[in-house]
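Quick notes on the structure that follows.
Quick note: numbers below take in every heavy atom, side chains included, and nothing from hydrogens, waters or symmetry partners.
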Amino acid sequence: MILHEPPLLGLLAGDADAEPILAESNRRISSVVERIASGDHAGAARQFVEEVALGPGQWDVLSPEVQHAFTTNAPTFLDESREGLYALSIDLDAVSRLTRPTLLSRGDQSPPFFPLVIAKLAAALPMAEQRVIAGAGHVPHQSHPAEYAEIVRDFCSKVT
């Protein structure tokens with residue numbers, strides 16, 4: 001199994017160390033959700049990219065096609081957000097029974113909740129390997145495709 005920064009924010013609920021990060025993330029996500037609900041899908045898409053997922057200035061780096069995809073998928077994000085943190089979680093007890101090699105990767109420039117989520121998953125997964133991609137954020141397949149492909153290729157070559 002290969003996972004790059006799954007947005008499992010529900011894993012952080014009740015974790016006192018994660019509460020400030022989770023509160024800030026929820027504030028940003030709620031602001032995006034309100035904007036989508038108001039009908040401003042393009043503005044919400046830009047805000048999501050810049051304040052939640054990728055970071056300041058990243059919207060302008062995206063191709064028009066990717067910007068369009070974010071904008072047209074905004075209503076889907078609204079629907080997902082209505083499911084709450086439960087939808088952004090996973091049963092760690094069940095995960096702990098997974099006996100397959102797992103690659104957990106993250107970028108060192110990603111939002112601060114991702115390292116916390118990866119740490120929880122790594123603690124639960126008995127055969128987890130963690131990798132950090134220097135200079136990358138949430139979408140290394142776009143920003144650092146060669147480095148991400150090498151990490152995946154290396155992992156797959158060890159487990160096949």
Side-chain angles (χ1 to χ4, degrees), residues 1-37 43-59 61-62 70 73-74 76-145 147-152 154-156 158-159:
M1 178 167 59
I2 299 170
L3 301 170
H4 181 81
E5 298 184 352
L8 298 171
L9 294 175
L11 294 180
L12 305 180
D15 181 333
D17 293 333
E19 283 303 320
I21 293 170
L22 187 57
E24 178 60 20
S25 297
N26 285 336
R27 184 194 65 74
R28 290 178 184 198
I29 290 169
S30 293
S31 179
V32 170
V33 167
E34 288 173 19
R35 202 165 186 177
I36 296 169
R46 175 186 281 274
Q47 183 179 355
F48 175 79
V49 167
E50 303 237 339
E51 295 181 13
V52 177
L54 305 181
Q58 294 305 300
W59 178 261
V61 183
L62 298 175
F70 271 107
N73 284 302
T76 302
F77 184 73
L78 177 62
D79 291 341
E80 290 172 357
S81 71
R82 290 182 173 146
E83 294 178 19
L85 283 180
Y86 175 77
L88 299 174
S89 195
I90 193 168
D91 181 345
L92 289 178
D93 289 332
V95 166
S96 71
R97 294 188 293 274
L98 187 79
T99 57
R100 299 275 190 214
T102 303
L103 173 63
L104 301 171
S105 65
R106 66 177 182 83
D108 68 357
Q109 300 300 307
S110 293
F113 57 84
F114 283 120
L116 303 174
V117 168
I118 293 292
K120 296 233 183 233
L121 287 170
L125 287 160
M127 298 182 69
E129 174 183 329
Q130 294 184 65
R131 300 291 297 270
V132 177
I133 304 165
H138 189 54
V139 287
H141 56 284
Q142 289 182 358
S143 65
H144 293 71
E147 294 92 333
Y148 184 65
E150 181 59 32
I151 288 170
V152 170
D154 178 59
F155 175 75
C156 290
K158 292 188 291 189
V159 298

- Message: Within the 4.5 Å heavy-atom criterion, are L78 and R82 side-chain neighbours or not?
- Response: yes
- Message: For a quick test of reading the model, state the closest non-hydrogen atom pair linking L12 to A18 and the distance between them.
- Response: CB-CB, 3.9 Å
- Check the side chains of S31 and E51 for a donor-acceptor pair under 3.5 angstrom, ignoring hydrogens and angles. no
- How far apart are the closest heavy atoms of P6 and V117, and which atoms are they? O-CG1, 3.4 Å
- Identified side-chain contact (heavy atoms from CB on, under 4.5 Å) counterpart of Q47 within the set I36, V52, V32: V32
- Item | Nearest-0.5 Å distance that lies between atom CZ in F48 and atom CZ in F70 | 6.0 Å
- Query: Which heavy atom of G10 sits nearest a heavy atom of S89, and at what distance?
  - Reply: C-OG, 3.8 Å
- Message: Working to the nearest 0.5 angstrom, can you tell me the gap between L121 CG and E5 CD?
- Response: 11.5 Å
- Query: Do you know the tightest heavy-atom contact between P20 and A16?
  - Reply: CD-O, 3.7 Å
- Residue pair Q130 / A122: nearest heavy atoms and the distance that separates them: NE2-CB, 3.3 Å
- Task: Take L54 and W59, measure what side chain to side chain contact (heavy atoms under 4.5 Å, CB included) needs, and give me the verdict at the end.
- Result: CA-CA 8 Å; L54 305 181; W59 178 261; over 6 Å; no
- Query: Taking only residues two or more places apart in sequence, or in another chain, which ones meet S25 in a side chain to side chain donor-acceptor pair (under 3.5 Å)?
  - Reply: none
- Between CZ on residue F113 and CG on residue D15, distance to nearest 0.5 Å: 14.5 Å
- Message: Assess the residue pair M1 and L125 against the criterion (side chain to side chain contact (heavy atoms under 4.5 Å, CB included)); give the C-alpha distance rounded to whole Å, side-chain angles, the decisive distance to 0.1 Å, and a yes or no.
- Response: CA-CA 11 Å; M1 178 167 59; L125 287 160; 4.2 Å; yes
- Query: Within a strict 4.5 Å, meaning less than it, do heavy atoms of the V61 and Q142 side chains meet?
  - Reply: no
- Task: Go through the steps for Q58 and V139 under the test side chain to side chain contact (heavy atoms under 4.5 Å, CB included), then give the verdict.
- Result: CA-CA 11 Å; Q58 294 305 300; V139 287; over 6 Å; no
- Item | Distance, nearest 0.5 Å, that separates CZ of R131 from CD of E150 | 8.0 Å
- What pair of heavy atoms forms the shortest contact from C156 to I2, and how long is it? SG-CD1, 3.9 Å
- Item | Distance in Å, L8 CG paired with I118 CD1, rounded so as to fall on 0.5 Å steps | 8.5 Å
- Message: Can you tell me how far apart CG (L9) and CG (N26) are? Round to the nearest 0.5 Å.
- Response: 6.5 Å
- Which pairs with one or both residues in residues 25-36 pass salt bridge (Lys or Arg N to Asp or Glu O under 4.0 Å), sequence neighbours excluded? E24-R27, E24-R28, R35-D40
- Could you give all pairs that pass the side-chain hydrogen bond (donor to acceptor under 3.5 Å, both in side chains) test and reach residues 95-109, with sequence neighbours left out? H4-S105
- Kindly indicate, with the supporting measurements, whether the criterion side chain to side chain contact (heavy atoms under 4.5 Å, CB included) is fulfilled by L103 and V159. CA-CA 10 Å; L103 173 63; V159 298; over 6 Å; no
